[in-house]
Structures are given as structure tokens and as C-alpha cells.
Student: 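Got a structure for you, questions after.
No experiment lies behind these values; they were computed from the predicted model shown. Residues: numbered from 1 along the sequence shown.
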Amino acid sequence: MPLLQVLRPTLPILIGASIMLTLSMGLRQSLGIFMQPLTHDIGISVSHFTLALAVQNLAWGFLQPLAGAMTVRYGFRPIMVVGALAYIAGLVLMTTAHGLVAIMIGAGVLIGLSLACTANAIAMSVAARAVSETVRSTVLGMVSAAGSLGALLSAPIGQMLNEGFGWRVGLAGFVILSIGMIPAALYAGRVDRIPLPKPSADDIGNATAATAAKTAFGNASFVVMTCAYMVCGMQLVFLTTHLPSYLAICGLDPMLSAQTLGMIGGFNVLGSLFFGWAGQRWNKLALLGGIYILRSLALAWYFMLPATPGSTLLFGAIMGFLWMGVGPLVAGAVAEMFGLRWQAMIQGLAFMSHQVGSFLGAYGGGVIYDSLGSYTMAWRIGVALGLAGGIIQVAFALIRPAQPPLLKAA
């Protein structure tokens with residue numbers, strides 16, 4: 001049966017989840033565009049701005065399991081709508097900011113809260129519940145791909161408004177874009193009407209939240225995946241936060257940073273589709289490790305050579321292909337190991353590690369730059385940890401394939 005025919009009954013849900021994801025991730029990935037003019041205008045340092053983004057990542061990571069658990073009790077729709085409203089409020093506060101406190105609350109706490117309710121873990125859980133297991137990995141790749149288009153839209157718009165009218169107008173444009181998250185969340189929330197499949201004997205669907213979490217952390221494959229996931233967050237948030245600043249230091253056209261973020265967004269689509277397709281056929285955890293290794297090699301190649309427009313755009317294409325491909329692989333692996341009922345919460349538990357890495361990538365990169373006047377040490381650390389995490393992930397996945405957990409405390 002053609003895939004489109006299989007998906008037709010749930011297309012409004014999948015489209016809503018995709019639009020919500022593309023706006024929440026695209027706007028967040030483009031905030032680095034405003035770092036230089038914003039910090040100069042309101043009198044804060046680069047490390048202060050990156051601290052706000054680091055707080056955002058920590059808030060996102062540590063609130064993600066809570067948001068996932070609340071979807072079990074209240075349903076996806078109210079959680080996603082609250083997240084959309086928090087995103088709008090956070091951007092409004094940034095737009096009107098005159099000091100560090102407003103940036104910390106707006107860019108840090110509110111947008112972090114919103115991402116916990118609207119980004120990958122929730123959107124992927126919605127998509128996973130909406131389709132059958134036979135096409136789940138492919139559909140997760142499609143939703144991740146659609147969710148990757150946000151940077152293609154937001155980065156150029158933000159940069160044009162920033163250059164033409166100033167950073168406040170650029171952020172005001174982001175506020176307008178973020179309003180579209182509300183109807184998208186309402187449509188995606190229709191997934192609450194779809195009943196969960198009957199749990200199997202080794203499924204944790206009937207367990208409590210505490211038992212589900214204990215079972216997840218008792219699974220060695222999940223623990224290794226979670227630890228390696230930290231490196232993923234560190235590398236990606238370092239790039240989205242500091243690449244515009246790095247290109248400015250190299251004396252390149254400021255528009256190049258927006259073009260590169262757009263290139264990342266465009267190749268995200270191809271990478272998400274490929275890894276969603278590949279995850280339906282091969283070991284998802286081994287594919288994750290391969291992504292981390294290839295990313296690290298690309299980082300080393302780019303930063304070891306003098307930055308040029310051509311090399312920067314090529315780097316953006318490579319990293320884009322390897323960027324959000326982790327989304328369908330992690331979501332699919334969690335669904336296979338633990339079922340659908342607690343997927344959002346368990347995926348959120350893994351994501352906490354990712355966001356600790358994001359904190360280190362955003363704030364650590366800013367501290368290293370302020371201390372040494374260079375990003376050299378930061379990218380070297382990112383490459384070394386990425387290679388180590390990727391190799392360990394691949395080796396463990398091949399030596400000890402993931403198995404569904406046996407629920408000992410049901």
C-alpha cells in the first residue's frame with residue numbers, strides 16, 4: 001500500500017507536529033544571529049548572552065521529562081499549546097530587553113520551557129503514536145525533515161531584518177513567526193484521540209512514571225545512548241551559538257552566517273529522510289554513533305583550514321545532513337525498547353544528557369573565547385569528545401544490540 005495512502009488519516013496531525021517543530025527549532029537555531037548587535041547595544045558580554053542560551057538548554061533538558069510525563073496525564077494538546085505561548089512570551093521579552101535579566105528570563109527560561117513542550121521529544125512522540133510500527137522510522141524521518149525547514153525560513157528573515165532595521169525588529173519578526181505554533185499545536189493535539197496499542201508482555205505501558213524511568217536506566221543500551229547524546233548537544237549548540245561570531249572574527253560577510261544556517265536547515269531535510277529510512281533497516285544505535293564520528297571529522301576539517309565562503313557553505317551542508325538525523329533514530333530506538341506510552345518522558349530523560357552537553361557547548365564556548373580570544377580550544381574539545389562518544393556508541397551497539405526491557409517492578 002502506498003505510504004501516502006497509509007498516512008492520509010493522520011496527515012493533519014503529522015503536518016501540525018512538523019510545523020510546530022520547524023518553528024520551535026528554526027527560531028531557536030537562529031538566535032545566534034543577534035548575538036553581536038544585541039550584546040553591544042544593551043551592554044552585556046558574549047559569555048552573558050551564551051549563559052542565557054545555556055540556561056535555555058538546561059531548562060529545556062530538565063523540563064523535558066516532566067513535559068513528557070504530563071502528556072500521559074493531560075494529553076499532548078494542552079502541553080503543546082502552553083509551550084507555544086511560552087515561546088511567544090520569551091521572544092517578546094527578548095525584543096524589549098534592556099539588560100541581562102530580561103535576556104536570561106526570555107531567551108533562557110521561557111524559550112527553554114517552550115522547547116520542552118514543542119520540540120523534538122514531543123513532536124516525535126506525537127508522530128510515533130499516529131502511525132503503525134511498519135512505517136514509524138520512515139515517518140519520524142519525514143517529520144524531522146519537515147521540522148528542519150525552520151532555519152531555511154527564520155535565519156535569512158532574521159538576518160535581513162537585523163541588517164536593515166536592527167536586532168529588535170529582527171526579533172519582532174521572530175515573534176510573528178512563532179504565533180504560527182499555536183494552530184500547529186492544536187492540529188497536532190488531535191493525536192490524543194488515537195488509542196495506544198495494547199501493551200505486550202514486556203512493555204512498560206502499564207507501569208508508573210517512576211518504574212518506567214527505573215527500567216530505562218536499568219537498560220545498558222539506553223544508558224550508553226544517553227551518555228553519547230551529550231556530545232551531540234555540545235557540538236550542535238556550539239555551532240548555532242558561536243558560528244556567526246567566528247565568521248565575523250574571520251572577516252567574512254555577516255550574511256554568510258545566515259546562509260550557512262540556512263544550508264544546515266536545507267540539508268537537515270535530506271539527512272532526516274535518509275536516517276529515518278536507514279533506521280527502518282539497520283541498527284539505529286550504530287547509525288547514531290556513525291553520525292557523531294562523521295560530525296567530529298567535519299568539525300576538525302573545517303576549523304583546521306582558513307574559513308572561506310565556499311568551505312563554510314560546504315561545512316554547513318555536511319553538518320546539516322548529519323544534524324537532525326539523530327531525531328528519528330533516538331525516537332525510534334526509545335519506542336522499540338520501551339513502547340509508546342512513556343516514550344516522551346523516557347526520550348526526555350535521554351535528552352537531559354543532550355542538554356548538559358548543550359550547556360557546555362554554548363556557555364563553555366563563550367567562556368573559552370572570552371578567556372583565550374579564540375575558539376581553537378573549544379572546537380578541539382568538541383572533536384575529541386565526539387570521536388570518543390561515537391566510537392563507544394558504535395562498538396556497544398554492535399557488540400550488544402538493544403533488547404526490549406523486562407519489566408521487573410510492574
Side-chain angles (χ1 to χ4, degrees), residues 20-21 23-32 34-35 38 44 47-71 74 76 78-97 99-125 147 150 171 174-175 178 181 185 209 213 226 229-230 232-242 327 330 344-367:
M20 179 184 70
L21 179 61
L23 289 173
S24 65
M25 292 299 293
L27 296 173
R28 175 247 183 189
Q29 289 171 358
S30 303
L31 291 178
F34 306 107
M35 179 165 66
L38 185 153
I44 63 175
S47 60
H48 283 150
F49 182 83
T50 56
L51 176 60
L53 297 187
V55 168
Q56 174 197 110
N57 284 291
L58 284 182
W60 180 8
F62 284 93
L63 291 173
Q64 186 70 79
L66 178 61
M70 290 176 69
T71 63
Y74 300 107
F76 283 95
I79 302 303
M80 294 186 294
V81 171
V82 167
L85 294 173
Y87 213 122
I88 296 168
L91 287 173
V92 169
L93 198 55
M94 285 186 70
T95 303
T96 58
L100 178 60
V101 174
I103 296 297
M104 195 68 68
I105 296 173
V109 177
L110 287 175
I111 293 182
L113 166 65
S114 173
L115 290 165
C117 301
T118 60
N120 296 69
I122 299 297
M124 291 295 179
S125 297
L171 282 171
F174 278 16
V175 172
S178 67
M181 293 173 63
T226 298
Y229 210 12
M230 183 184 73
C232 174
M234 182 178 63
Q235 291 180 336
L236 298 191
V237 175
F238 171 75
L239 283 178
T240 56
T241 304
H242 295 285
V330 170
M345 186 194 75
I346 294 175
Q347 196 174 330
L349 292 172
F351 196 67
M352 288 171 63
S353 172
H354 182 283
Q355 294 310 91
V356 170
S358 297
F359 177 92
L360 296 174
Y363 185 53
V367 169

Student: Check T118, L23, L27 against S178 for a side-chain contact (heavy atoms from CB on, under 4.5 Å) and give me the one that passes.
Tutor: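 Going through the options one by one, the only one that passes is L27.
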Student: How long is the straight-line distance from CE of M80 back to CE of M181, given to the nearest 0.5 Å?
Tutor: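 Between M181 CE and M80 CE, I get 10.5 Å after rounding to 0.5 Å.
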Student: Report yes if some heavy atom in the side chain of L100 is under 4.5 Å from a heavy atom in the side chain of L51; otherwise report no.
Tutor: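 No, too far: nothing below the 4.5 Å cut-off.
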Student: Are Q56 and W60 linked by a side-chain donor-acceptor pair shorter than 3.5 Å?
Tutor: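 No, no side-chain donor-acceptor pair sits under 3.5 Å.
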Student: Roughly how far apart are M94 CE and I111 CD1, rounded to 0.5 Å?
Tutor: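 Reported to 0.5 Å precision, the distance equals 5.5 Å.
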Student: Considering non-hydrogen atoms only, spot the tightest contact between I44 and L38 and give its length.
Tutor: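 Heavy atoms only, the tightest pair is CD1-CD2, 4.0 Å.
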Student: What pair of heavy atoms forms the shortest contact from A116 to Q64, and how long is it?
Tutor: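 Minimum heavy-atom separation between A116 and Q64: O-NE2, 2.7 Å.
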Student: Assess the residue pair I122 and Q347 against the criterion (side-chain contact (heavy atoms from CB on, under 4.5 Å)); give the C-alpha distance rounded to whole Å, side-chain angles, the decisive distance to 0.1 Å, and a yes or no.
Tutor: CA-CA 9 Å; I122 299 297; Q347 196 174 330; over 6 Å; no
Student: Distance check, rounded to the nearest 0.5 Å: L113 atom CG versus F62 atom CZ?
Tutor: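 Rounded to the nearest 0.5 Å, the CG-CZ separation comes out at 15.0 Å.
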Student: Looking at every heavy atom in both M352 and G61, which two are closest together, and how far apart are they?
Tutor: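 Minimum heavy-atom contact is CG-O, 3.0 Å.
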Student: Testing the basics here: between M345 and P65, what is the closest heavy-atom pair and its distance to 0.1 Å?
Tutor: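 Result for this residue pair: CG-O, 3.4 Å.
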Student: Does any part of the side chain of L115, heavy atoms only, come nearer than 4.5 Å to the side chain of L63, both counted from C-beta?
Tutor: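 A side-chain contact is absent here, since even the closest heavy-atom pair is not under 4.5 Å.
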Student: Flag the pair M104 / V101 as yes when at least one side-chain heavy-atom distance between them is below 4.5 Å, and no otherwise.
Tutor: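 Of all side-chain heavy-atom pairs linking V101 with M104, none is under 4.5 Å.
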Student: Please report, to 0.1 Å, the donor-acceptor pairs under 3.5 Å made by any side chain of residues 82-93, with sequence neighbours excluded.
Tutor:
unit_1, atom_1, unit_2, atom_2, d
Y87, OH, S24, O, 2.7
Y87, OH, R28, N, 3.0

Student: To the nearest 0.5 Å, how far apart are CZ in F174 and CG in L31?
Tutor: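 Going from CZ on F174 over to CG on L31, the span is 6.5 Å.
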Student: Please list, chain by chain and in numerical order, all residues satisfying ring-ring contact (aromatic ring centres under 6.0 Å, His included) with Y229, sequence neighbours excluded.
Tutor: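 Checked Y229 against ring-ring contact (aromatic ring centres under 6.0 Å, His included); matches are H354.
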Student: Measure the spacing between CE of M70 and CD1 of I79 and express it to the nearest 0.5 Å.
Tutor: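 These two atoms lie 4.0 Å from each other.
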Student: Suppose we screen for ring-ring contact (aromatic ring centres under 6.0 Å, His included). Which residues come up paired with F238, at least two apart in sequence or across chains?
Tutor: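 F238: ring-ring contact (aromatic ring centres under 6.0 Å, His included) contacts with H242, Y375.
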